[in-house]
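Working notes, structure below.
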Number of protein chains: 4
Amino acid sequence: MTIDLNCDMGESFGRYTLGSDEELMPYLSSINLACGFHAGDPMVIQQTVQTAVKYNLAVGAHPGYPDLQGFGRRKIEMSPEEVEAMVLYQIGALWGFLRSARIEMTHVKPHGALYNQAAQEVRLANAIARSVRRFSKELILVGLAGSALIEAGLECGLNVANEGFVERGYQADGRLVPRGMEGAVIHDLIIAARQAIQLAMDGITVHKGEMAMNVKIDTLCIHGDSPNALEIVRAVRSALEEAGYKIQRLSG
Amino acid sequence: MTIDLNCDMGESFGRYTLGSDEELMPYLSSINLACGFHAGDPMVIQQTVQTAVKYNLAVGAHPGYPDLQGFGRRKIEMSPEEVEAMVLYQIGALWGFLRSARIEMTHVKPHGALYNQAAQEVRLANAIARSVRRFSKELILVGLAGSALIEAGLECGLNVANEGFVERGYQADGRLVPRGMEGAVIHDLIIAARQAIQLAMDGITVHKGEMAMNVKIDTLCIHGDSPNALEIVRAVRSALEEAGYKIQRLSG
Amino acid sequence: MTIDLNCDMGESFGRYTLGSDEELMPYLSSINLACGFHAGDPMVIQQTVQTAVKYNLAVGAHPGYPDLQGFGRRKIEMSPEEVEAMVLYQIGALWGFLRSARIEMTHVKPHGALYNQAAQEVRLANAIARSVRRFSKELILVGLAGSALIEAGLECGLNVANEGFVERGYQADGRLVPRGMEGAVIHDLIIAARQAIQLAMDGITVHKGEMAMNVKIDTLCIHGDSPNALEIVRAVRSALEEAGYKIQRLSG
Amino acid sequence: MTIDLNCDMGESFGRYTLGSDEELMPYLSSINLACGFHAGDPMVIQQTVQTAVKYNLAVGAHPGYPDLQGFGRRKIEMSPEEVEAMVLYQIGALWGFLRSARIEMTHVKPHGALYNQAAQEVRLANAIARSVRRFSKELILVGLAGSALIEAGLECGLNVANEGFVERGYQADGRLVPRGMEGAVIHDLIIAARQAIQLAMDGITVHKGEMAMNVKIDTLCIHGDSPNALEIVRAVRSALEEAGYKIQRLSG
């Protein structure tokens, strides 16, 4: 019984610091690294890669919309072709730093509005999957468990990872409660830890029209930017280990 | 007797078109492709790579300062560490498109103010050379003939290419006449073609303090954004071929 | 019988030139000046204001989404509060140049995706109208004839101007044929001139649910960025004058 | 005996928070508000103006280089014409929010690298002064005490304010110790308070070539982004009041 524990990182920008990346790293098995479009810059990427190497973490690209001010959380009406090129650009940009540090890129996970759209919009999901596939067929595509992005990855012949969120509320159909709505974010350690165990053990039930299917969770996401992020990641890791899970990076 | 004929390309951006890239390509052996900081965007990069493949051109990265409005021609006071990370980012960003198109990246040539500074400022030149070396020791570093950038590349163990300009005026010490000054740009076909032949045959004499040395030119640059760019590139290529030169991409 | 003839201008950016602003100006009565978010920059604004003064044109702000690459034509999911602040920022930014040139700002007309959304989405239309009203109650709000933006302006107590397009195709309900669809853009001089006359004389019939109402056109827009823009603007102006219209700027 | 106490504010951006603006406001008489080029965005500007109104503070524009990543602290090689247009743009952009809040803009103070350059480079200083003068002759130009910017303002016919820094080290000639060098920043409350009193009472001695002149300080700057900013501003204000100074905004 193994599971990956991931966190979005490298979200600082210039003089602006966000998150306490290094504090959290000892408790994780992989990170998703912002590529400079919605957050991050070349200096932040370089620093974050170095730290990830120190803690022996798997590193994936975390491409987002070109919108620093909106932190990639505002949908931008781009064509699938534009999204495909934009994601490919960001994967490559990060890859240079990994190559220089002599580590592999393990996965790609879209960020924010791009992630949410890719969970539901087939054309966008396909554009992202194509982009990843064009870069390398060894990359694992990470998406919302049972979503359109996972399907798009499978159709492209990619390895995929179904992701669950320990601090986000779920709707009955397996989708996340949108940010800004009540119940969108879980702040309580105990509830987050319990949700982690439940997702790891039972997976999640996803509804599509009349159909319901159970999806196994491959990776759990913890947010690094909540005020009590360190406590949550500790609680979640402990709970998972006590439940018999080994925290381990994704493999193809 | 061979020489490389290169041109800066992919300088369009969004709705803004610059240069007539495809028209010029049949006459060149390599292009330097803008990486989205001073010009270009992911869609432009993708399109330009496809066209370069069609004409079987060598493709290099053309990293510049993050300054679309100034077209990378305004010096920004960045630290060597910032420049190193910024160049690595841009090389990788372009590289994803080349990998996807299954072609190699042959070279890296800094753009605009970064190019000019790297010709003279040792710390900046070293930062750029380190960045290229970190990405791949197979990449050829292109710089102003006999300049600090060429020396930095050699010290890093990189293959280098000394560049000459067919349409730019030279000062007595082997440096370019700065843009904006009289004689900076050559518009006349005949003079440009003559300068191309002369650079190819005689190289350029570079002065450093009391010392003068002759530097062989490996690659000639033609600007794609002058109004008569097509006529110039044709005239230059013809003149070189008549003088017995084979136009051929750089090799390590 | 008077009508305003307007054109979007100041859409160049840095080294990138777009449109032939000065060539068209003699035929217009007002311009909408890009404010640096979707196009334009401080130098372009300054130059365009000077030229507009020379031709005695009314100058309005042309605020757009912060998206140079997409030229403000891609919808960005901003909250009404974000749009309100963003528009106020852009109006002020342009206003400094007009104040310095000792001319008044006459109007505000949103650009691209913002214009199209404001024509239909009430909350967004209200945000823009509030923004204009906050800046000055003397400003005229220009929007698609009979659209939500016009209504929002009226509710705010602003003077409004119903706009028609001489080179854009209309749907049966009075909305524009979206760009990218067949019939979106009219390239033919004769058809454009005819449409101008018809809009000026008959206005446009706008459908809302079961209701149809005729809306008088106060201002006609000509696009400055089409290849034959100069010919179109000449043809349109001549046709309007022959039909007895005086081309004259908007007044409150 | 009066003196102005100012602080740079509105330096947050999107999701990135910087400084504790509202905590400091009760101790100040004026603020310099970032205009969205080196920091800030329309939402941050709006919020900061509202808070400044609540505390009855004088509000000035704080224009900087277009460099969010470098926080406006990296010199960009812009022409005086480019600087003039860029500063005018930023003043106007902020002004819209002040007009909407029905308060006057009191002053303009350049930020970061622009401030430092304007203290020494006459052409740049003149460009900034022209820009302020073009917007309004009522605006007070704030610059380093006795610097080129102050002279440029006087030559333009502007009211000027000589600024001193309570937490920055001074060189013997009246210039600041550059950031990054030892002694650049004062962290100790007592020393900062003592320096405030000394600057208020004695002014500063500025050397130009062989000439030395004493310059009276009109306004003291406190940085809002140091970890103990609140303690420093309290200590400085107390010390000044005990020494008999009334903290009061600048007047023309």
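Sequence lines set the chain letters: A, B, ... in the order given, protein chains first and strands last, and positions in each chain run from 1. Both backbone and side-chain heavy atoms feed into the values below; hydrogens, waters and symmetry mates do not.
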Using heavy atoms and a sub-4.5 Å threshold, report which of residues 74-101 of chain D line up against chain B, by residue number.
-> D:R74, D:K75, D:I76, D:E77, D:M78, D:E82

Under 6.0 Å from the [atom1] atom of [X], do we count more than 12 heavy atoms belonging to anything else shown?
X	atom1	value
B:M213	CE	yes
B:K137	NZ	no
B:R179	CZ	yes

